[in-house]
Amino acid sequence: MQILSAIAAEPEESTTAIPFMPELPEVETIARGLQRQVAGEVIESVWIGSKPEPLKSPARLIARTLEGARIAQVRRAGKHIVFDLEAKGAAAQWIVHLGMTGRMLVAQNQDEIAKHTHAIATLGSGRELRFVDPRRFGRLEVRTAQKFEAPGQEPLKVTLETFAQLFHGRKMPIKSALLNQKLLAGIGNIYADESLFRAGIRPRRLADRVTRAELHRLYDAVQQVLSEAIAAGGSSISDYVNAEGAEGLFQVQHRVYRREGEPCLVCGSKIRRTVIAGRSSHWCAKCQK
DNA sequence: ACTATTTCCTGGATGC
DNA sequence: TGCATCCAGGAAATAG
C-alpha cells in the first residue's frame with residue numbers, strides 16, 4: 001500500500017510509453033476476451049497474406065483446418081492463445097503466439113485493414129479475427145494430432161515442489177531459467193525481473209545456488225506478480241480486443257522493469273540494469289542478494 | 001546433455 | 001531536416 005502511494009506521488013517523468021509485451025497475464029487477458037467474443041463462432045473463410053508469413057504451419061494447411069471449423073473454446077497455454085476447434089467431428093487447434101508486437105483483433109468487416117495484417121479469419125457473424133504483427137515475431141500454427149499444451153509448467157498451477165525441482169542442477173542465471181519456456185511457460189522479461197525483485201534474488205545468481213527458502217519466496221512472488229497483472233488486465237479486456245492499441249490493458253506499475261537509475265520503491269537505491277543472456281535485467285543491489 | 005550466443009524483424013528514440 | 005545507428009525481446013537456430 002505504501003508502495004502504491006509512492007507511485008502516485010511520483011511525478012510522471014519521461015512518459016515513454018512502455019511498449020505492450022504479451023507475457024502470461026496479457027495473453028490470459030486476451031484469451032479471455034476472445035473466449036467471450038468469438039467462442040461458438042464458425043470460421044467461414046481465411047485469408048493469409050503473401051510475403052514472408054509468420055507461420056509455423058503451411059498457409060494451406062492453416063486455411064484448410066480453420067475453414068468451416070467451429071471455435072469451441074479460446075484459452076491460454078503459456079504465452080500461446082489456443083483456439084480449440086471442432087471440424088467435422090474432429091478436434092483441432094489454432095495456436096497463436098503474439099511474439100512481441102502481435103495482436104489478435106476482433107474487427108467488423110468494414111473496418112480498415114491495419115498495416116502489417118498477416119491473416120484474417122471471417123466469422124459466421126460477419127466479424128473478423130485479424131492477426132496483426134509489425135515485427136513478425138508472432139507465429140500462427142495449427143495442430144490436429146494431439147491437444148496442444150505448452151511445454152513448460154504453468155506458473156499458476158505448478159506446485160512448490162515441482163517449481164523448486166525445475167531449478168535443481170541448472171548452471172544458468174536464475175533469470176535465464178525463469179525465461180526458459182521449457183521450464184516455466186509464460187514468464188517473459190518483465191515478470192522475470194519483477195518476480196526476482198519481490199523475492200529479493202539477484203538475476204545473475206545461478207539457479208542451482210538459490211536456496212530452498214529463496215525459491216519459496218520466488219514461487220510466491222511469481223504467482224503474486226502474475227495474479228495481480230491478470231487482475232489489472234481483466235478490467236479492460238474488451239477494450240483491448242476491439243481497439244487498435246493495447247493502452248489500458250496492463251496498468252500495473254513495474255517496480256524495477258525499465259526503471260534504471262530511478263529510486264527503488266522500497267529502499268531508494270538506484271535501480272540497476274545489466275544484460276543477462278542478451279536481455280535487459282533490472283534490479284536493486286540493496287534489496288536483492 | 002547443457003548452456004551461451006546469434007538471428008530474425010520493425011518502429012521509435014537518439015545522435016550527429 | 002534527414003539519415004544512420006541503436007534498442008526492444010521470444011524463441012528457433014547455431015555454436016561451443
Side-chain angles (χ1 to χ4, degrees), chain A residues 13-28 30-31 49-58 76-82 95-104 114-119 131-141 143 148-155 165-196 203-210 222 226 229 244-247 249-250 254 256-261 271-283:
Chain A
E13 52 194 276
S14 75
T15 317
T16 318
I18 292 171
F20 167 74
M21 232 87 70
E23 299 185 28
L24 187 152
E26 291 75 25
V27 179
E28 176 71 30
I30 293 161
S50 48
K51 301 277 187 170
E53 311 118 349
L55 308 177
K56 271 182 88 171
S57 309
R76 176 195 62 78
K79 295 178 194 172
H80 305 262
I81 301 168
V82 181
I95 300 140
V96 179
H97 194 297
L98 299 174
M100 280 183 71
T101 54
R103 279 178 285 153
M104 181 59 75
K115 200 176 171 185
H116 305 299
T117 298
H118 303 304
F131 178 66
V132 183
D133 185 13
R135 218 163 293 183
R136 292 177 188 268
F137 275 21
R139 290 291 179 267
L140 303 183
E141 180 183 5
R143 296 206 187 190
F148 177 84
E149 297 295 343
Q153 297 287 328
E154 281 291 336
Q165 269 175 12
L166 295 176
F167 304 101
H168 189 254
R170 299 276 165 192
K171 303 205 184 317
M172 58 169 74
I174 186 73
K175 166 76 182 275
S176 301
L178 283 175
L179 291 177
N180 186 338
Q181 300 298 296
K182 292 190 176 76
L183 300 180
L184 286 167
I187 298 178
N189 207 36
I190 299 172
Y191 296 104
D193 281 2
E194 294 296 315
S195 299
L196 287 168
R204 226 182 258 286
R205 288 270 303 283
L206 291 189
D208 197 27
R209 307 285 290 273
V210 177
V222 164
L226 295 177
E244 275 301 303
E247 286 77 22
L249 170 66
F250 176 51
H254 305 131
V256 288
Y257 182 74
R258 286 218 160 181
R259 294 195 65 245
E260 180 187 12
I271 298 299
R272 302 187 182 197
R273 184 182 82 93
T274 49
V275 175
I276 299 172
R279 295 289 162 262
S280 277
S281 302
H282 312 76
W283 53 289

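As the structure is a prediction and not an experimental result, all values here were calculated from the model. Every chain is numbered from 1 and lettered A, B, ... according to where its sequence line falls, protein lines coming before strand lines.
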For [X] and [N], give me the distance from atom [atom1] to atom [atom2], rounded to whole Å.
X      : N      : atom1 : atom2 : answer
A:L183 : C:dG10 : CG    : P     : 15 Å
A:D208 : B:dT3  : CG    : P     : 9 Å
A:M172 : C:dG16 : CE    : P     : 19 Å
A:L179 : B:dT5  : CG    : P     : 14 Å
A:I190 : C:dA8  : CD1   : P     : 13 Å
A:R139 : C:dG10 : CZ    : P     : 14 Å
A:K175 : B:dT3  : NZ    : P     : 17 Å
A:L184 : C:dG10 : CG    : P     : 14 Å

Subject >> Separation of A:E260 CD from A:R272 CZ (nearest 0.5 Å) >> reply: 10.5 Å
**OP:** Inspect the surroundings of CZ in A:R143 and state if more than 12 heavy atoms from other residues, nucleotides or ligands are less than 6.0 Å away.
**Re:** yes
Among [options], find the nucleotide with the atom closest to the side chain of [X].
X      : options               : value
A:P173 : B:dT3, B:dA4, C:dG10  : B:dA4
A:R136 : C:dG10, B:dC9, B:dA4  : B:dC9
A:K115 : B:dG11, C:dG10, B:dT3 : B:dG11
A:K171 : C:dG10, C:dA8, B:dT3  : B:dT3
A:S280 : C:dA8, B:dT3, C:dA11  : C:dA8
A:P134 : B:dT7, B:dG11, C:dA8  : B:dG11

What nucleic acid atoms does [X] come within less than 4.0 Å of, heavy atoms only: base, sugar-phosphate, or nothing?
X      : value
A:G188 : sugar-phosphate
A:S176 : nothing
A:G169 : sugar-phosphate

Compare side-chain N and O positions of [X] against OP1 and OP2 of [N] and report whether any pair is under 4.0 Å apart.
X      : N      : answer
A:R273 : C:dC7  : no
A:R170 : B:dC2  : no
A:H116 : B:dT10 : no

Subject >> Residue whose closest nucleotide on DNA chain B lies nearer the 5' end, A:L206 versus A:R279 >> reply: A:L206
Is there a side-chain contact between [X] and [Y], using heavy atoms and a 4.5 Å cut-off?
X      : Y      : answer
A:N189 : A:K175 : yes
A:F167 : A:L178 : yes
A:V96  : A:F131 : yes

**OP:** Could you tell me whether the side chain of A:R170 and the main chain of A:L166 form a donor-acceptor pair under 3.5 Å?
**Re:** yes
**OP:** Check whether any side-chain N or O of A:H118 sits under 3.5 Å from a backbone N or O of A:D133 as a donor-acceptor pair, and report yes or no.
**Re:** yes
Subject >> side chain to side chain donor-acceptor pair (under 3.5 Å) partners for A:N180, two or more places apart >> reply: none
Subject >> Global bending angle along the helix from B:dC2-C:dG16 to B:dC16-C:dG2, which compares the axes of five pairs at either end, to 10 degrees >> reply: 50°
